[in-house]
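These notes concern the structure reproduced below.
What you see is a predicted model; the values in this text were computed from it and never measured. In what follows, chains carry the letters A, B, and so on, assigned in the order in which the sequence lines appear, proteins first and then strands, with residues in each chain numbered from 1.
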2 protein chains.
Amino acid sequence: MAVEDFAAAPKGGKTGWKQDPEGVRADILATALAEFAESGLSGARMDEIAAKTRTSKRMIYYYFGSKNELYQKALEESYRAVRSGEEALELDHLDPVSALKRLTEFTFTHHRENPNFIRLVMIENIHKGQYLAQSDTIKNLNRAAIANLDALYERGVKTGVFREGLSPLRIHWLISAISFFNVSNATTFSLLFGSELYGDLGQKTACQDASDAVLNFVRAQP
Amino acid sequence: MAVEDFAAAPKGGKTGWKQDPEGVRADILATALAEFAESGLSGARMDEIAAKTRTSKRMIYYYFGSKNELYQKALEESYRAVRSGEEALELDHLDPVSALKRLTEFTFTHHRENPNFIRLVMIENIHKGQYLAQSDTIKNLNRAAIANLDALYERGVKTGVFREGLSPLRIHWLISAISFFNVSNATTFSLLFGSELYGDLGQKTACQDASDAVLNFVRAQP
DNA sequence: CGGAAATTGTACTATTCAGTTAATTGTGTC
DNA sequence: GACACAATTAACTGAATAGTACAATTTCCG
């Protein structure tokens, strides 16, 4: 059941509500995620989160125990949501160069469309990963991405289009760096250097630049 | 205050202190910079900052007025310190390819050696650049970097080693992305994918990868 | 010297905010 | 219809914390 559906439930009258613990949990989590992404862990206010849910502060503590636990659950939820969006990507039927190009462009676009996720990861890095470290759930989700990239890279090496001696980790690092920075530092970069890279056209160019940079990095030199 | 207490006061010299407003200001600023970088704007505590200076909380307000103003001054100071470290870089006497390689490796290393600066920029992005936006000082500092890169790029195009149609901004964007991400996301990246890229050897490889990626991106294809 | 200005320490306040108390109402199930 | 548990509300508490009042001390400079 989607959170939006729950919103349609009538609240007024005496016999307003249905028992829906999962819906209430999901509502709180979605609101908290947005609020932590907006203001950071210390900056977010429990009263503010409560006001933006259709339930109460008491219920947040009822379900999540404390601010820190809520933050951690929101972080996990954010990773889960983002990774589930990545599953549709089918790269096996493409030739290695096309596949790597598609993966890079997908990652670039995907990061751009999930700024809240990016902001939570920034916040988590500010906090030195102390909440991510406690979450085994998240760690497992990310191995798959590397495994996929490994297969892709080996295919490319075999057919001679990719150079030898790289590791999928280093390729992933490069793709992530460009795609992440593009979103995470958009504000300061625009302020310091103008916003020409952050209009529609600029971002098209940037996406193209990203895949050029990655492909030229991995490709065997003729 | 009893005379004994006064004599025991660890005030340095025999009879108290010298007027040193600039020293006190600098002390506060350096301490605040470290503390904001460590804990963020909301997370940092004025009492904690005060305790780590050799002066008092009262003096922080005396000189800086408020927490937010102190944060802004610390941000400015951080930019100033970092940019002044870049001045030693002389690229004009190198051929374009060597110069670009050197610039990339320098930026990579420089970012790595200034994690507090990186963290303040992350924090500023979380706050959507609202303090950076108020600081004309900082904006001017960064135009120079682009101008230098522009000259370098044009030299390379003229001698045929760089491809046409790029802008210095896009090159700077790529160099920054890699160098910044390497530091900003070191914790989460290590947690998720292992820390092999973040040992001494791993970082040497990463630096090499950075300059490879930038050079291959800019170089004319033979 | 002696007064003005700069500098500093102590102790305080006003507020914000995470977390709680305690009582109540609705729902599903037997 | 009785029982357990899900869900809800509003006021409250205690700790943390940004910011201040004010007196005391020191330097500066005539």
To the nearest angstrom, how far is [X] atom [atom1] from [N] atom [atom2]?
X: A:Ile49; N: C:dG19; atom1: CD1; atom2: P; value: 11 Å
X: B:Glu48; N: D:dA16; atom1: CD; atom2: C1'; value: 13 Å
X: A:Lys67; N: C:dT20; atom1: NZ; atom2: C1'; value: 17 Å
X: B:Phe64; N: C:dT7; atom1: CZ; atom2: P; value: 13 Å
X: B:Tyr62; N: D:dC22; atom1: OH; atom2: P; value: 18 Å
X: A:Met59; N: C:dG19; atom1: CE; atom2: C1'; value: 15 Å
X: B:Ile60; N: C:dG9; atom1: CD1; atom2: P; value: 11 Å
X: B:Asp47; N: D:dA16; atom1: CG; atom2: P; value: 11 Å

Using the closest heavy atom to pick a nucleotide of DNA chain C for each, name whichever of A:Arg58 or A:Ser42 lands nearer the 5' end.
->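 Looking at DNA chain C, the more 5' nearest nucleotide goes with A:Ser42.
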
Got a donor-acceptor pair under 3.5 Å from the side chain of B:Lys57 to the base of C:dG9?
->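 There is none.
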
Give one of base, sugar-phosphate or nothing for [X], where a contact means two heavy atoms less than 4.0 Å apart.
X: B:Tyr63; result: sugar-phosphate
X: B:Ala44; result: sugar-phosphate
X: B:Met46; result: sugar-phosphate

Basic-acidic side-chain contact under 4.0 Å: [X], [Y]:
X: A:Glu48; Y: A:Lys52; answer: yes
X: A:Lys101; Y: A:Glu105; answer: yes
X: A:Lys128; Y: B:Glu38; answer: yes

Using the side-chain hydrogen bond (donor to acceptor under 3.5 Å, both in side chains) rule, pick out the option among A:Glu124, A:Glu35, A:Glu76 that qualifies with A:Tyr71.
->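 That would be A:Glu124; it is the only one of A:Glu124, A:Glu35, A:Glu76 passing the side-chain hydrogen bond (donor to acceptor under 3.5 Å, both in side chains) with A:Tyr71.
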
Would you say [X] reaches [N]'s phosphate, i.e. side-chain N/O to OP1/OP2 under 4.0 Å?
X: A:Arg45; N: C:dT16; value: no
X: A:Thr55; N: D:dT8; value: yes
X: A:Ser56; N: D:dT8; value: no

Centroid-to-centroid, B:Tyr79 to B:Phe117, below 6.0 Å?
->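 Between B:Tyr79 and B:Phe117, the centre distance is under 6.0 Å.
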
